[in-house]
Amino acid sequence: MYDPKAINTAASEQNEPETEVDGGAAVIRIQATRAGRGGKTVTIITGVPKSQMKTICKQAKSHCGTGGSIKGDTIEIQGNHTVNLVKLLRALGYNDSKISGG
């Protein structure tokens with residue numbers, strides 16, 4: 001029997017970003033810091049799944065209009081873009097994105 005809801009559900013699940021890490025939901029933290037960077041502010045994003053890091057880094061740099069890189073398990077974006085990045089990540093489906101630190 002044809003069930004249109006079953007097809008739509010399967011299609012929507014394929015477009016969802018990978019937010020499961022070690023059996024739990026990924027909690028993405030965003031923090032602006034200057035420590036160890038000669039006074040230059042960078043925004044650090046942690047908790048992004050490894051498979052999505054490159055894509056999110058590229059989208060974040062484009063969204064903020066600045067440079068950035070992946071260093072270890074973090075994404076570093078030049079400048080203080082915490083609020084913009086939370087909005088971007090929530091638009092991408094990462095609803096558990098939070099600003100951490102002061």
Side-chain angles (χ1 to χ4, degrees):
M1 176 182 254
Y2 176 72
D3 184 8
K5 289 183 181 180
I7 293 173
N8 291 338
T9 303
S12 66
E13 289 175 0
Q14 292 174 353
N15 294 333
E16 291 295 318
E18 179 186 329
T19 57
E20 294 293 320
V21 176
D22 298 330
V27 178
I28 298 177
R29 302 280 186 209
I30 302 167
Q31 179 179 11
T33 184
R34 288 186 290 180
R37 291 172 178 85
K40 305 289 184 185
T41 302
V42 296
T43 304
I44 298 176
I45 305 170
T46 58
V48 177
K50 287 272 191 191
S51 61
Q52 298 290 315
M53 284 189 103
K54 191 171 182 178
T55 304
I56 290 176
C57 182
K58 186 172 183 175
Q59 290 175 338
K61 292 189 299 185
S62 176
H63 182 75
C64 296
T66 186
S69 64
I70 297 172
K71 293 195 177 174
D73 292 339
T74 64
I75 298 172
E76 293 184 2
I77 304 295
Q78 296 173 358
N80 185 354
H81 300 283
T82 52
V83 176
N84 289 336
L85 291 173
V86 167
K87 290 178 185 177
L88 172 68
L89 289 169
R90 289 186 177 159
L92 293 173
Y94 294 97
N95 294 324
D96 202 6
S97 304
K98 301 176 182 177
I99 297 175
S100 65

Asker: Could you walk me through whether I44 and I30 pass the side-chain contact (heavy atoms from CB on, under 4.5 Å) test, one step at a time?
Answerer: CA-CA 6 Å; I44 298 176; I30 302 167; over 6 Å; no
Asker: Can you tell if the side chain of V42 reaches within under 4.5 Å of the side chain of T33, non-hydrogen atoms only?
Answerer: yes
Asker: Verify the neighbour count for atom CZ of R34: are there more than 12 heavy atoms of other residues, nucleotides or ligands below 6.0 Å?
Answerer: no
Asker: Rounded to the nearest 0.5 Å, what separates atom CD1 in I56 from atom CG in L89?
Answerer: 6.0 Å
Asker: Side chain to side chain contact (heavy atoms under 4.5 Å, CB included) with I70: which residues, sequence neighbours excluded?
Answerer: M53, K54, C57, I75
Asker: The test is side-chain contact (heavy atoms from CB on, under 4.5 Å); show your working for N84 and T82 and say whether it passes.
Answerer: CA-CA 6 Å; N84 289 336; T82 52; over 6 Å; no
Asker: Under the 3.5 angstrom rule, does the side chain of T43 hit a backbone N or O of A32 as a donor-acceptor pair?
Answerer: no
Asker: What pairs meet the side chain to side chain donor-acceptor pair (under 3.5 Å) rule with one or both residues in residues 55-75, with sequence neighbours excluded?
Answerer: K50-D73
Asker: Mind checking the CD1-CD1 spacing from I45 to I28? Nearest 0.5 Å is all I need.
Answerer: 8.0 Å
Asker: Restricting to non-hydrogen atoms, name the atom on R90 and the atom on S97 that form the minimum distance, rounded to 0.1 Å.
Answerer: NH2-O, 2.7 Å
Asker: Hey, any chance Y94 and L85 share a hydrophobic cluster, counting ILVMFWY side chains that come within less than 4.5 Å of each other, even indirectly?
Answerer: yes
Asker: Heavy-atom distance under 4.5 Å between the side chains of R37 and T41, does that happen here?
Answerer: no
